[in-house]
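The structure under discussion appears below in the form of structure tokens.
Note that the structure is predicted; figures quoted are calculated from it, not measured. Residue numbering restarts at 1 for every chain, and letters A, B, ... go by the order of the sequence lines.
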Amino acid sequence: MKQQLAQLLAQAYSALQSQGMIPADHPVDILVERTRDRGHGDFASNLAMTLARVAGRKPRDIAEALVAALPQVAQVSKVEIAGPGFINFHLSRDAWHGVVGEILERGADYGRSEVGRGQPVQVEFVSANPTGPLHVGHGRGAAYGATVADLLRAVGFNVHREYYVNDAGRQMDILAASVYLRYLELAGVELPFPSNGYQGDYVWDIGATLHRNHGNDWAFAPEEMLRDIPADAPAGGDKEEHIDALITRTKQLLGPQRYRELFDEGLNSILANIRQDLKEFGVEYDEWFSERSLTESGVVDQAIERLKASGHVYEQEGALWFRSTEFGDEKDRVVVRENGQKTYFASDIAYHMNKLERGYARVIDIWGADHHGYVPRVKAALTALGDDASKLDVLLVQFAILYRGGEKMQMSTRSGEFVTLRELRQEVGNDAARFFYVMRKCEQHMDFDLDLAKSQSNDNPVYYIQYAHARVMSVFRQLAEKGMAWDREQGAQGMHLLHESHEEALLVNLSRYPEMVEAAALNHEPHHLAHYLRELANEFHTYYNAHQFLVGDPALRNARLNLIQAVRQVLANGLGLLGVSAPDSM
RNA sequence: GUCCCGGUAGCUCAGUCGGAUAGAGCAACUGCCUUCUAAGCAGUCGGUCGGGGGUUCGACUCCCUCCCGGGGCGCCA
């Protein structure tokens, strides 16, 4: 409808050009918008105002000329000029009726489109280090990423969802050492636990698995573990040096093969937990991409070689630096450390190089906002490699701050003090969690009040929307109980009987759904969908209270049933995109 | 110090590319269940859009500046 009106205006516009009112070579973007106030009609255009300057005439004069040149069509009942020069379109009542038939016809496909033209897009999200269970902070990235990916698929992109598994590096070594120390305790070797180790209960569980598999065979005496190890922080030492020495000692004592087994036991156990958690949360991936595989397949070395060959790296103080300042970064970045170890950044350059080589039209990274300073260096690296950095969109998700009892909660994986995503899901349910996480735009800081979410879950907007869906289902159950059946064909014939203001409002909103989905997808803003569904549910509840559906007149009854069935379909489609269930009864 | 995000009703937040009288929910208050589920509906109350400049037909929206809150600024990942 919007497109149609824009085309009508385009015809009027070229008529004005041939009349010489507007320069013939002046190109223009014709915009038609939904009005906010129905008193201004259904759609409006500001075209006349934008032309005022180039034509050298008053906006209202141009508007009058445009309206005079506008072709007549049946769907448009009235065209008005209002305010400073808006052209307002009032649609005929019949113009809205078609939407119900379209929704019933297309069913679950209503709202889907092909604007993405099958272009391949990658969405990488969550990618939390496998050093512990997902916590509520990761939940926001999971819900947001999954919804953005679903929305993009709904509008016709070929979406590839990926989780980058950080299965290499120092954090994972700290986890391995932590697991080993718990194993030693189970084997009867009592040692002070490092202050910088991972202290969660899950570390005990992994240690216990090792102990079941190997008994005390992997144990060493405390003296062997602690010989020449620098003091931990509580004893006046440096916690980083302490834990690094423990890692080195663990590797020495166990040897490479057993250390790898220890390491992989921790990695696989935690990763399995993360995968299960996400799956239960309705978040599925096409690929789990291993960081270690980049090193092992030589891709990291290739990336560094390419940077060397193009002259964007230099050596200083024994380390190899990438000259990222050349591409707008604040300072240059190390890719190979003095000790010969490649940095995490080196892997990330390789990873993004690999992503672009896979041929995606767009690559979307969803990161926590604390990584924002990282964006310029990754883009710099892609540019230096000769790739098109503009294909990469980094969406930064602000933290979800947890409140309990009105107080902010600390979250630290290291200390083991956090609310896990699993706990949250168990407390408030998947539906409420998924919905809450995407209710706010991602740049907005989010206060997640646990007490509210747990104790007053009945007030959650998600229930309000689900209730609307359940109510429609209930009406149809009542229909059957009263020995009647829904005659969809008769309903379609009687659409003209729907002239209550509540019915017209619903028709307008139903027709808006595809536009809203498209905008939410292209702008990566799922919160629009959440707000839209609330509004639609509100209009339905209002209608429900104002009018009886199961009336005696079969023509009116079936017309109303067609309408509420269309409402139900759109609610179900929208909730589906958010990963929220649409229950038959509540 | 510098960079990023935010500041809109008592609270939590929407506000489309600059558009017409700035909107919801919660909270508070007043009504509505013999009728398709009251997890609902109708109504009332509530605003210097952080402050100050600027751009223009028009600014919550764009630019400058200042204030406040959160976060980032490692040869950690």
Could you go over nucleotides 58-60 of chain B and give all protein N or O partners under 3.5 Å, atom names and distances?
none

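Smallest separation of non-hydrogen atoms from A:Asn166 and A:Tyr344: ND2-CE1, 3.3 Å.
Residue A:Tyr464 has a polar side-chain atom (N or O) positioned under 4.0 Å from OP1 or OP2 of B:C41. Under 4.0 angstrom from either OP1 or OP2 of B:A38 there lies at least one side-chain N or O belonging to A:Arg471. Side-chain N/O atoms of A:Lys331 include one lying less than 4.0 angstrom from OP1 or OP2 on B:C75. Neither OP1 nor OP2 of B:U35 sits under 4.0 Å from any side-chain N or O of A:Gln478. When the side-chain nitrogen and oxygen atoms of A:His528 are compared with OP1 and OP2 of B:G15, one or more of them lie within a distance under 4.0 Å. Regarding contacts with the backbone of B:A77, every side-chain N or O of A:Thr343 stays at 4.0 angstrom or more from both OP1 and OP2.
To the nearest whole angstrom, the two C1' atoms, one in B:G19 and one in B:G58, are 7 Å apart. Atom name C1', nucleotides B:G6 and B:A42: the rounded distance is 36 Å, in whole Å. Comparing B:G51 with B:U8, their C1' atoms sit 15 Å apart, to the nearest whole Å. With P as the reference atom, B:C4 and B:C63 are 12 Å apart, rounded to whole Å. A distance of about 50 Å separates the C1' atoms of B:G53 and B:G40, rounded to the whole Å. Comparing B:U55 with B:U44, their C1' atoms sit 41 Å apart, to the nearest whole Å. Taking atom P in both B:A59 and B:C33, one finds a spacing of 48 Å when rounded to whole Å. For the C1' atoms, the distance from B:C73 to B:C57 is 45 Å, rounded to whole Å.
A donor-acceptor pair under 3.5 Å links the side-chain atoms of A:Gln466 to the main chain of A:Ser581, judged by distance alone. Without hydrogens or angle criteria, A:Ser45 side chain to A:Glu33 main chain gives no donor-acceptor distance under 3.5 Å.
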Would you write out the dot-bracket form of RNA chain B, 5' to 3', with Watson-Crick and G-U pairs under 3.5 Å, [ ] for crossing pairs, | for pairs to other strands and . for unpaired bases?
(((((((..((((.....[...)))).(((((.......))))).....(((((..]....))))))))))))....
Could you please spell out the steps behind the salt bridge (Lys or Arg N to Asp or Glu O under 4.0 Å) verdict for A:Glu515 and A:Arg34?
CA-CA 10 Å; A:Glu515 295 163 25; A:Arg34 298 247 173 194; 2.8 Å; yes
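Candidate nucleotides B:A77, B:G7, B:C41 were compared by shortest atom distance to the side chain of A:Gln444, and B:G7 ranks first. In this structure, the nucleotide among B:G15, B:C17, B:G19 sitting nearest to the side chain of A:His527 is B:G15. Between B:C41, B:C75, B:A14, one nucleotide has an atom nearer to the side chain of A:Arg337 than all others, and that is B:C75. Taking the side chain of A:His371 as heavy atoms from C-beta on, and the options B:A42, B:C36, B:A77, the nearest nucleotide is B:A77. For A:Arg534, the listed nucleotide lying nearest its side chain is B:G25; candidates were B:C75, B:G25, B:C13. Side-chain proximity of A:Gln548 to the nucleotides B:A14, B:U35, B:A77 is greatest for B:U35. Considering only side-chain atoms of A:Met49, the nucleotide from B:G40, B:G19, B:U2 that sits closest is B:G19. When distances run from any side-chain atom of A:Asn46 to the nucleotides B:C3, B:A20, B:G19, the shortest one goes to B:G19. Among the nucleotides B:C75, B:A14, B:G70, the one closest to any side-chain atom of A:Val334 is B:C75. In this structure, the nucleotide among B:A20, B:G40, B:G6 sitting nearest to the side chain of A:Glu443 is B:G6.
Regarding A:Ile247, its CD1 atom lies at a distance of 11 Å from the C1' atom of B:C76, rounded to whole Å. Atom NZ in A:Lys441 sits about 12 Å away from atom C1' in B:U16, given to the nearest Å. Rounded to whole Å, atom P of B:C4 lies 12 Å from atom CG of A:Leu396. Between A:Asn545 atom CG and B:A39 atom P there is a gap of 11 Å when expressed in whole angstrom units. Across the protein-nucleic acid pair, A:Ile87 atom CD1 and B:A20 atom C1' stand 15 Å apart, rounded to whole Å. The distance between atom CE of A:Met439 and atom C1' of B:C26, rounded to the nearest whole Å, is 10 Å. Across the protein-nucleic acid pair, A:Glu525 atom CD and B:U16 atom P stand 9 Å apart, rounded to whole Å. Distance A:Arg34 CZ to B:G19 P: 17 Å, rounded to the nearest Å.
Not counting sequence neighbours, the partners of A:Met484 by the side chain to side chain contact (heavy atoms under 4.5 Å, CB included) test are A:Leu479, A:Lys482, A:Arg557. Scanning for side chain to side chain contact (heavy atoms under 4.5 Å, CB included) contacts around A:Asp264 gives A:Arg260, A:Leu267, A:Asn268, A:Arg292, with sequence neighbours left out. Taking the side chain to side chain contact (heavy atoms under 4.5 Å, CB included) definition, one finds that A:Ala233 meets it with A:Ser195, A:Lys239, sequence neighbours left out. With sequence neighbours left out, the ring pair (Phe, Tyr, Trp, His ring centres under 6.0 Å) criterion links A:His547 to A:His502, A:Tyr543.
If you find the closest nucleotide of RNA chain B to A:Thr35 and to A:Glu291, the one lying nearer the 5' end belongs to A:Thr35.
In summary, A:Arg377 and A:Asp348 do not engage in a salt bridge, as defined by a charged side-chain N under 4.0 Å from a carboxylate O. A salt bridge is absent between A:Glu162 and A:Lys355: the closest approach of a Lys/Arg side-chain nitrogen to an acidic carboxylate oxygen does not fall below 4.0 angstrom.
One N or O donor and one acceptor, one from the side chain of A:Asn88 and one from the base of B:A20, sit under 3.5 Å apart. No hydrogens or angles were tested; on distance alone, a donor-acceptor pair under 3.5 Å links the side chain of A:His372 to the base of B:G71.
For the pair A:Arg534 and A:Tyr464, the cation-pi criterion (under 6.0 Å, within 45° of the ring axis) is fulfilled. For A:Arg471 and A:Phe540, the positive end is not near the middle of the six-membered ring at less than 6.0 Å and at most 45° from its axis.
Within 4.0 Å of A:His502, counting heavy atoms only, lies no atom of the nucleic acid at all. A:Ser347 comes within contact range of no nucleotide atom at all, as no heavy-atom separation falls under 4.0 Å. Among the heavy atoms of the strands, none lies under 4.0 Å from A:Gln341.
Ring geometry for A:Phe345 against A:Phe322 counts as tilted: the plane angle lies between 30° and 60°, on a 0 to 90° scale.
Within 90° of 0 lies the glycosidic angle of B:C33, which makes this nucleotide syn.
In this structure, A:His40 packs face-to-face on the six-membered ring of B:A20, meeting both the 5.5 Å centre cutoff and the 30° plane limit. Judged by centroid separation below 5.5 Å and plane tilt below 30°, A:Phe86 stacks onto the base of B:A20.
The side chain to side chain contact (heavy atoms under 4.5 Å, CB included) test with A:Leu578 singles out one residue from A:Ile465, A:Thr147, A:Asp431, and that residue is A:Thr147.
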